[in-house]
Each structure stands twice: as C-alpha cells, then as structure tokens.
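Here is the structure we will look at.
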Amino acid sequence: MTDPVILVFGGGPAGAAVAIGMTRLGYRVTLIAKPRPFEAVEGVSDRVIKGMSGAGFKLALEEMAEPSARQVTWNGETNDANTEHLVSRRRFDQALLLDLSRHGVDVISGRIRSHVYENDQYQVMVDCAQGGHRRVFGDFIVEARGRAAPTAGLPRVKGTPTVSLLQHWHGPPSQPSSAVESFSDGWSWMAAQPDGRRYLQLTVDAASADLPPKHQLASWCRERLERLHQARPYINRAEPVGDVYGRTSTAILCERSVADRWIRVGDAAMAVDPLSGNGMFQALSSALQAPAVVNTLIRHPERAELAKQFHEMRIEGLFYRFARIGRDFYLDEARWRDRPFWQARREWPDTQPIHRDVTPDDVTTALRPVVKDGLIEEERVVITPDQPTGVWHLNGLPLAHLLDTIRSQPQRSPTSVLTEQLGPEKGQFVALWLAKQGWV
C-alpha cells in the first residue's frame, strides 16, 4: 500500500488522539467530526490532563478551568476531598479541532452519510456543516464516534440499561464547583460555571424509572432535584433553560473492535458507566496505543493477528476494570440496596474484586503483544491476576527476564541476584519493588 490515508470518524478525545498519533507516524489523516448537538460540562482529573498533553492537545487544554471543589454525598456521608477541572465540551471540542489542524490533520466538519469499501479503498460521503457534500477516500477507518457509532450487528456485552437526563439551569454568577449525590432511584451530578450556567444530571434505571412523556421531563427532573441536599446551591435563584436532554449511559463492550482495515476506539469500542468518572480517561486509554496497532496492520500484515489480539485484550481489560470500579461504588451505597436501580448494579459484571493480594504462585511470565517503536511486537512479560495483558518493563528494565533470572536461582535472595545483574542501587530498588507487588 503506497502512502495510505487514515480516515478518523469522530473528533472527541479518542479520535483526536489516534489522528495525532498517526500523523506522528508519518501518515496522512482526514478526520470527520459532526458538531456537538448539545452543550455539556465534564469534570476532568489531573491524570487525564497529563494524558491529553502527551497526546498533543494544547489549545483544547487551555479550555480547562482551574481545579474546583467537588462535594460527594454517598451512603448518607458527605466529603469534599476531591477536585476536578470543569470544561465546556463544546468549546473543548472546537479547540481540539484546531489542535488537529495544527498537527496537519485534514479536518472536515460534517455528518457521515455513508461509506463503502470498493476497489481496495473506502469511499465516504460527508454532508458538510457549511452546506454541500464532499466525497472522501481512504485506506483505513478509525471509528471514534462514541456511543453513536453504528455497530452493524457486532457482538456486544451490555450492562444494566441506564439513562442520564441532563437539564441546563441558569442563575447568578458563582464559584465553579461540582457535586455528586445518590438517591433512592439513582444518582445525580451537578456543576456550576462562573457565568451562572448550571448543569444538573440525573442517572436512573431505564426499566424501572417510570419516566414521563418528553414534555413532562423538565418538571419530573426538577421535582427530584429539589429533594437533594447537594442540588440546593445549584438551583437556588436559578431556573431551567431549554429541554431536558436524555442519553443512554449503559455500559457497553463491543466484542469485536478491530479488523484488517478498521479499528474502534473510545466509546465506540467500550462505553463505561459514567459513575466511575473516567469517561475521558478510558477514551484516551483505548486510543493512545491504537496508532501502533494501525501501523502494524498496514505495514506488517503478517503480524495482523498479534495486533488485533493486543487491541482487543486491552479494550476488554479496561472495560471490566472500569465496570468493577462502578460496581464497587454501587456496593458502597447501602441505604437502598433493595431498590431496583441499586439491586441491579451491585453484582454486575461479576463479583471478582478489582484488586487481590498477589503471591509469587500467582505470577507467571509469557509471550504477549506489546508496543515497541510504534509497532506491535511480541515480548516476554509478567502476567498477574491484576495484569492479565502483562507488564513488560519498569523504567526500561525487562521485568520478565529479571523475574525468570531470580527464579532460576532459588537458593539466592532476589536482592543479591538483581544486584549482580543491575548493580547495587538499581538491584535493591527493583528487588524492593518486586516484593511490594507480591511477585517474589
């Protein structure tokens, strides 16, 4: 394939991270993004900002507010130990498109009407936001349109059906802040911007919530918000603006997320329960290493199965990790354990703990796919119950080789073996680290 073109569908963090990553590998990239249909605010952690910075986001990060307080009322207890950066998704997404252009990505604002694969190329018809149509050609598709991405009959794992109802309010200017509160039939998230904009969202069970007709949703939401202690500062001297925006927030895993000529990333591959607060983080987690997968599929088709295995193992591992984090939050709320919302979520997706104590007998070494120099290659890694995809290295040191060396000399202490291999300072450091992990 000569000078292939990568087509990215979707301009959120996942699609943008892959697009920039592919330009860094020398590919031509065209990204097609539909303008966001509604305004929303999200809370972002410091580790997400660090990941975005590494991905090449600059102007988008300038839209992030300084960290502000987040109050959480859960299981009858309130704490304000955490902070988050609030960001307007509409402004963030617009700045992200500018970042993409600065990285050399051809950005098209519009809606994908159709795409077909003919004569060894994808042909995509786009309804442009400025009017008219545009036909785009490419060799590989990155599907990053989030939950709106067509599934075309692909097998999926789905959690308990969940819906989130977002209501915009407006009141007097205030300090930026956010809050979370559980209630008998779900939980709420609230955010206030300095200019008086407020965003109040209720997340409820799609089957048992007994939602009213659309024209009654605003009063239905207001009635429930007025019962919440945390909502009082957000609705005080404020009024709802516009309609309630409903969207699915069911956890979904697309079990087939990569093929020879396409890959799914972000919410298009796996969408997590928003309770975990990791929406942008999981999108980046599934996207940052996707360029190496795509690069391998294109440049080294003989490694295609290895590259696909790497991507799907990562997607599945991330999905169940975030699903279990959400499950444990639901388990922490004991007041309404028998209510339909809470009962359905207390043991999904399973009862397996997020973390477990590891002993040396639980730890093995094996060949697994890893990212190396922009490609997927096979290397020996350390496999543990918490890290089924494997841990390759620590500060550049190959852990499987070191662990195998220790085990080949059971009569000696790990510190003495590693000191001989790495020198006193590194040897003692790695031996202590391995012991803390429970590997030796």
Side-chain angles (χ1 to χ4, degrees), residues 45 47 51 157 159 251 253 255 270 272-273 275-278 281-282 285-286 288-289 306 309-332 334 345-372 376-440:
S45 67
R47 69 174 175 175
V157 173
L253 167 66
E255 293 186 286
M270 59 136 188
V272 300
D273 188 313
L275 180 62
S276 64
N278 283 309
F281 178 69
Q282 72 86 9
S285 298
S286 69
L288 288 175
Q289 299 192 60
L306 190 69
Q309 178 191 11
F310 173 85
H311 185 68
E312 292 193 332
M313 286 176 65
R314 279 190 57 81
I315 293 295
E316 182 177 342
L318 287 167
F319 176 79
Y320 282 104
R321 175 170 173 263
F322 289 125
R324 290 170 185 136
I325 289 172
R327 174 205 62 199
D328 287 356
F329 274 120
Y330 291 126
L331 282 167
D332 285 342
R345 290 160 177 78
R346 294 175 63 83
E347 294 186 355
W348 189 87
D350 51 36
T351 58
Q352 181 177 318
I354 298 174
H355 301 293
R356 51 176 277 191
D357 292 335
V358 176
T359 69
D361 290 339
D362 299 318
V363 181
T364 61
T365 63
L367 290 173
R368 289 287 190 275
V370 300
V371 176
K372 186 177 182 181
I376 303 301
E377 298 189 10
E378 200 167 44
E379 293 286 347
R380 199 161 192 85
V381 300
V382 178
I383 309 294
T384 75
D386 285 345
Q387 299 284 350
T389 58
V391 184
W392 182 19
H393 53 75
L394 173 68
N395 297 334
L397 298 173
L399 289 171
H401 167 72
L402 296 176
L403 187 58
D404 287 342
T405 302
I406 291 170
R407 289 178 169 178
S408 70
Q409 303 177 57
Q411 73 282 5
R412 300 178 60 192
S413 71
T415 300
S416 64
V417 173
L418 294 178
T419 296
E420 184 178 280
Q421 290 275 315
L422 307 173
E425 185 176 347
K426 283 187 180 179
Q428 291 179 19
F429 168 76
V430 175
L432 179 62
W433 188 88
L434 292 176
K436 285 183 176 180
Q437 310 310 308
W439 295 6
V440 295

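Along the sequence shown, residues are numbered consecutively beginning with 1.
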Any idea which heavy atoms bring [X] and [Y] closest together, and the distance?
| X | Y | value |
| --- | --- | --- |
| Ile383 | Thr389 | CD1-C, 4.2 Å |
| Leu418 | Val430 | CD1-CG1, 3.8 Å |
| Ile354 | Asp386 | O-OD1, 3.4 Å |
| Gly427 | Leu422 | N-CB, 3.9 Å |
| Val358 | Pro385 | CG2-CD, 4.3 Å |

**Study point:** Donor-acceptor pair, side chain of Arg327 and main chain of Gln352, under 3.5 angstrom
**Key:** yes
**Study point:** Backbone N/O of Ser416 and side chain of Thr419: donor-acceptor pair under 3.5 Å
**Key:**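 No, because the side chain of Thr419 does not come within donor-acceptor range (under 3.5 Å) of the backbone of Ser416.
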Quick one: are [X] and [Y] in side-chain contact, heavy atoms under 4.5 Å?
| X | Y | value |
| --- | --- | --- |
| Val371 | Phe310 | yes |
| Asp404 | Arg380 | yes |
| Gln282 | Leu318 | no |
| Asp273 | Tyr330 | yes |
| Arg356 | Asp362 | yes |
| Leu402 | Trp439 | no |
| Val391 | Thr384 | no |
| Leu434 | Gln437 | no |

Check your understanding: Just wondering, are more than 12 heavy atoms of other shown residues or ligands nearer than 6.0 Å to CD in Glu347?
Key ->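 Atom CD in Glu347 is not packed in, count stays at 12 or less.
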Review point. Are there more than 12 heavy atoms of other residues, nucleotides or ligands under 6.0 Å from atom CG of Asp350?
Key: yes
Nearest 0.5 angstrom please: [X] [atom1] to [Y] [atom2], how far?
| X | Y | atom1 | atom2 | value |
| --- | --- | --- | --- | --- |
| His393 | Glu379 | NE2 | CD | 9.5 Å |
| Trp392 | Glu377 | CH2 | CD | 7.5 Å |
| Asp328 | Arg345 | CG | CZ | 15.0 Å |
| Leu306 | Arg368 | CG | CZ | 11.0 Å |

Exercise for review: Show your working on side-chain contact (heavy atoms from CB on, under 4.5 Å) between Leu399 and Trp433 and close with a plain yes or no.
Suggested key: CA-CA 11 Å; Leu399 289 171; Trp433 188 88; 4.0 Å; yes
Review point. Can you name the one residue among Gln289, Met270, Gln309 that meets side chain to side chain contact (heavy atoms under 4.5 Å, CB included) with Arg314?
Key: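 Among Gln289, Met270, Gln309, the one that satisfies the side chain to side chain contact (heavy atoms under 4.5 Å, CB included) with Arg314 is Gln289.
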Practice item. In sequence, state the C-alpha distance, the side-chain angles, and the governing distance for Val272 and Phe281, and then conclude on side-chain contact (heavy atoms from CB on, under 4.5 Å). Key: CA-CA 11 Å; Val272 300; Phe281 178 69; over 6 Å; no
